[in-house]
Amino acid sequence: MQTAMETTNGHDKKDKKEKKEKKEKKEKKEKTEAAETGDAAQKEKKDKAEGKQKKEKKDKKDKKEKKDKKDKANKEPKEKKDKKDKKEKKERKEKRKLRKEQKLKQLADQRKKAHKIGLKGTKMLASKKRKAPAQSQPELKVLMKTEDDYEPVNRWWEREDGAESGKRGAKKWDTFEHHGLLFAPDYEPHRVPLIYDGERVELPPEAEEIAYYWTSVRGTPYETKDIFIKNFWKTFKEVLPKGSKIKDFKKCDFSLMADYREAERQKRLNRTKEEKEAEKAKNAKETEWFSYAIVNGVREKLGNYKLEPPQLFRGRGEHPKQGLLKKRTFPESVTLNIGETACVPKVVGMPGHAWRDVVHENTVQWIANFEDGLLTEAKYVSFAATSGLKGQPDMLKYDRAKRLVRIIGSIRTSYEKMWTSRNVADRQKATATYFIDKLALRVGGEKDTEEEADTVGCCSLRVEHLKLTPPHTVHLDFLGKDSIRYTNSVEVAKQVFDNVQGFIKGKKQEDQVFDKISPADLNEYFKNFMEDLSAKVFRTYNASYTLQDELNKFDVSKRLHKHKTHLGNSETMDTKEANKTVSLGTSKVNYMDPRLGRLGEYRQEFVMTAGARHRANQGPPLQIRSEEVLGLYPSPLNYMGFPKSVCVSANEVICHGIPDSRPLQEGDIVNLDVSVCHEGFHADLNETYFIGQCDEECDTRTCDAAQHPQSVSHHLVRSTYDALKASVALIRPGTLYRQLGGVIEAEAVKRGCSVVTAFCGHGVGRLFHGPPDIPHFKKNKTVGLMKPGHIFTVEPMLNLGKSRERLWPDGWTAATRDGRRSAQFEHTFLVTEDGVEVLTARVGTDRSSMPDYDPAAFQR
DNA sequence: AGGAAGACTTGGAAAAATCTTA
DNA sequence: TAAGATTTTTCCAAGTCTTCCT
C-alpha cells in the first residue's frame, strides 16, 4: 500500500530539511572517509585485535561477572543509602517469597479440588509436572504470573462511571502512593580543555560544565543564533574564574570538547547488542522504582518522573531567553502530591536535601510540581499517556468533539447572523469564530514578548499578518505555535472579507485585527452552545473529521497496522497535501481517538469488522466470570450477546458461526470452537473436521496437486494446521508476540492461501478475551514479550480465496466474501520456562509441542 | 472585571528502537 | 550484517483554559 511518497507539492520545510540532512550526511561521510583513509592501518589492527578480544572477552565475561559479584559482596557498603537500598531489596524479596508461598498454597488447594471434580482449569494446568519425578523432593514447580510479569491494565472504560473522574476538578483517587522523583545525575568533569585564541585552557568544573553544554547544540541552528550566543556568553562569563583571559566569544574554540562529546556518543552507538541490552536492563532496574504510582490500588505508569537535567534553554523561534542556563532542580523546589496514608518517599541521590512541601490534593492529576530552572513557571510531573488518569480526560475530549459535530450547524447559523451585527465586538467574535471553524486556527492568547517568542493565533492576529485581495480572498502569514510559519490563502465568505477589511481600516501594521475581543470572550460565546465547548475543541473536531475522511478511503477491517495514515497538514488543513504519506507523530496522534491508535486494548476492537464494532458498542458490557462462578461453563454463551455455547463454522464461514438446525452434508468441512470457563478460568480451542469424503475439485491456481492429491479442502485444512504448528514452535520466553503472525502468513502464502486479518488470538485467563492481541499476519504491531506463565491462544484462519470477510446479518457469523472455504485451528498455550505447553492438547498426546498433521484425526 | 496563577493539552525535535535492503 | 529508512519513545517547550485573587 505504499503510495507515492513525495507528490509534486513542494513543502518548503521538508525540502529544506532534506537538503540539510543530505548535506550533513555528506559531511559525515566525508569525515568518516577521511578518518578511515588516515587511520586505515590502525583500524585494521584494531579490528583484528577486537576480533581476538571478542572471543577472549566471552570467556572472561563469565569470570568477570563472578568476580564482580564477589567484589560487590565483599565491599562494605560505604554509604547509608546503599544499606537502605539493600534492606529495602531484602524486604521486597521476602515479601515476594511470602506472596509466592501463599499463592502456592492456594494453587495446591485448588488443584485438590480440581482432582476431585476430575477437571482441570487452564490455570491449574499451568502447574504441570514438568520436572522429572526422580528428584528427591517432589518440589512443585509452579509457574504463575506475578505483578512483575505483565502490565496490569486499569480498565476504567469498563466501569459504570466511565471517564467521570477525568473531569477537571473531579476526585481522582482515595489512596495514592508513589516513590518520588529521579533527580538528574551530577555533572562529571572530563577535563578536556577549551582552545582560546589558539591556546589550550583548562576550565574549572563549573565553567567546563557550561562550555560542555554549549557543545550540545553543535550542528543545530542555535549554534549560529544571535540571541542564543549572546545569552550563552553571558552565562559562561559568569562562571569563568576572576582574571580569566577568556574575553571574546569569537576566540573560543570548543571543538576539542565537541569532539569529546561526539566520541562519547559514538562510543554509545557502537556498543554491542549485549552491552546495550545490559545497560538497558540496568537502567530499567534503577528507574523502575520511580516509574509507577499506585492509584486506588492499581499500578499506573508515570510520565516524566525524571527531573530535567541542567542544560542551555532551547526556546523556539526568537525566544529571548534561549541560551541561558536552565538550572538543576533540587528537592527544595519540588512539591509532592501523595495520599495522606502513603509513606512520603525519601529524597534519593541528594543527601541533605528535602522536599519543599508535601500535599494531598486528590482533584489534580500531578504527582509533583517543581519550579523551572529558568522560567518563572511551574512544571508538573504527571502520568504516562497510557494511564487511566490521562486516558479519561482524553476520552472526554473526543466526546466533546463528537457533541460539537451535532451542534456545529447551529453555531454556524449563529455566527453568520452575528457577523452583520452593529456591535463591533460581536462582529469580531463572529468573524474570529469563522476562522477558527473553517481554518482550525488556534485561539491565540496574548503573550509577553519580553519573556516569550512573538507568535500569534486567531485573536492576536495583527494587521501585518493579513492581506486582502478582492473580491474575497484573505492571505494569512504569521508565526504560530512553536514559531512555525502559517501561510494560507483562502476564499472566505463575502461578509467575512468585508468585516476584516473594516476591522483593519485605519489601523497600524502592529495593531490587532480583533482588538475588541479576547479568547475568554470567544469561549464565553461558545458556552452558549455547549457547556464545555472551547476554541480548541474545533481543532480536535476538525482533525478527527479529516482523519475519518481519510480512513474512509481504506478498507478499515483490513490491516490497520500496515497502513500509514494519510493526513493533511494539520497546520494548514490543505487538502492537496493530503496525498502525502506521513507517519503519525505525536502531533497527529494527539488528535486521534485513542481507540484508533494509542491504547492497545482498543486495537482489537478496531480491527474487528464494522458490524462487530457496532455490537461491541451496543451490546452488554464484557462479562467477567470470576472465581465465584464455579464448575464448568461454556464461555461463549451470552458473551457479548452470543446466543449459543459453541461456534460452528462450516465451509465458507470463517468463525463465530451460530449453530442451527441445518444438517451437515457429505463433503463439508466444519469448524467447532469450544471454550469453557472452569472455576473462573477460560480455555479456548477449535478444530476443523472433514464430513465424509471431501473431494471437492482441486483448484490448480492455489493447489499443489502433487503434494496433496486429495482435494482443496484437505489442502486448506492441512495448511491451516501447519501454520498454527509452525507458529507454536516459536512460543517460548523471549519471543515477541508479533513474531507469530509472520510465521503464519509465510506458511499460508507458501500454500497459496490467505490469512484472515480481522480476527486474532488473545490472552486468556480470568478474562475470556484479554491482552495481548495476537494477530496472524506479518508486520503487525502487537506489543509484548512472552514470559513464563503467560497464557494465550493462537487461532489462525486461512482462506482458499481472498482474505476479506463479510458479516452475516446475525451480527456474528463471519464468512468469506468470495464464498470459498475457510479453515481454522486454535489452541490455548502456556509459556513455560523453556518452551510451551499446549493446554488444550488432546488427552494422551505430548503437550510440549503440536503433533504432526494427521488428517485421520479430523475425519468424521 | 481582568490579570495572574495553576493545571492540563499539544506538538516539535531528537534519541532510541525496529525494520528493510543490499 | 551493516547501513539506511522508518517508527516509536522521550523530552520538554509552548500552547489553552479554568480558577483564584485583588
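Chain naming here is simple, since letters A, B, ... match the order of the sequence lines and numbering starts at 1 in each.
By the 6.0 Å and 45° rule, A/R261 stacks over the aromatic ring of A/Y212.
Rounded to whole Å, atom C1' of C/dC12 lies 9 Å from atom CZ of A/F370. Atom CG in A/L533 sits about 15 Å away from atom C1' in C/dT18, given to the nearest Å. Put simply, CZ on A/R400 is 10 Å from P on C/dC17, counting in whole angstrom units. For the pair A/K778 NZ and B/dT20 C1', the computed distance is 12 Å after rounding to whole Å. The nearest whole Å value for the distance from the CG atom in A/L181 to the C1' atom in C/dC12 is 15 Å. Between A/K167 atom NZ and C/dT19 atom P there is a gap of 13 Å when expressed in whole angstrom units. Spacing between atom CG of A/D521 and atom P of C/dC17 amounts to 13 Å, rounded to whole angstrom units. Here the P atom of nucleotide B/dC8 and the CG atom of A/N369 are 10 Å apart, to the nearest Å.
Residue A/E377 qualifies as enclosed at atom CD: its count of foreign heavy atoms under 6.0 Å is above 12.
The closest side-chain heavy-atom distance from A/V513 to A/Q428 is not below 4.5 Å. Looking only at side-chain heavy atoms (C-beta outward), A/R738 and A/P775 stay at 4.5 Å or farther from each other. Between A/K172 and A/V364, every side-chain heavy-atom pair lies at or beyond the 4.5 Å cut-off.
Positionally, the nearest nucleotide of DNA chain B for A/P393 lies more toward the 5' end than for the other of A/P393 and A/K280. With DNA chain B read from its 5' end, the first of the two nearest nucleotides for A/K172 and A/Y222 is the one closest to A/K172.
Counting non-hydrogen atoms under 4.0 angstrom, A/P519 reaches nothing in the nucleic acid.
Phosphate contact (OP1/OP2 of B/dC19, side-chain N/O of A/R738, threshold under 4.0 Å): present. OP1 or OP2 of B/dG11 sits under 4.0 Å from a side-chain N or O of A/R539. In terms of phosphate contacts, A/S534 brings no side-chain nitrogen or oxygen within less than 4.0 Å of OP1 or OP2 of C/dT16. At C/dC17, one or more side-chain N or O atoms of A/N523 fall inside 4.0 Å of OP1 or OP2 (strictly under the cut-off). For the pair A/Y380 and B/dA7, the criterion of a side-chain N or O lying under 4.0 Å from OP1 or OP2 is met. For B/dA15, neither phosphate oxygen OP1 nor OP2 lies less than 4.0 angstrom from any side-chain nitrogen or oxygen of A/K276.
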What protein N or O atoms touch nucleotides 13-15 of chain C N or O atoms at under 3.5 angstrom, if any, and at what distances?
unit_1: C/dA13; atom_1: OP1; unit_2: A/K326; atom_2: NZ; d: 3.1
unit_1: C/dA13; atom_1: OP2; unit_2: A/K379; atom_2: NZ; d: 2.3
unit_1: C/dA14; atom_1: OP1; unit_2: A/R316; atom_2: N; d: 2.4
unit_1: C/dG15; atom_1: OP1; unit_2: A/T455; atom_2: OG1; d: 3.1
unit_1: C/dG15; atom_1: OP1; unit_2: A/D482; atom_2: N; d: 2.9
unit_1: C/dG15; atom_1: OP2; unit_2: A/K447; atom_2: NZ; d: 2.1

ring-ring contact (aromatic ring centres under 6.0 Å, His included) between A/F526 and A/F538, intermediate numbers included: CA-CA 11 Å; A/F526 295 145; A/F538 283 83; 5.0 Å; yes
Step-by-step salt bridge (Lys or Arg N to Asp or Glu O under 4.0 Å) determination, A/E262 to A/R218: CA-CA 10 Å; A/E262 182 57 23; A/R218 186 162 85 159; 5.3 Å; no
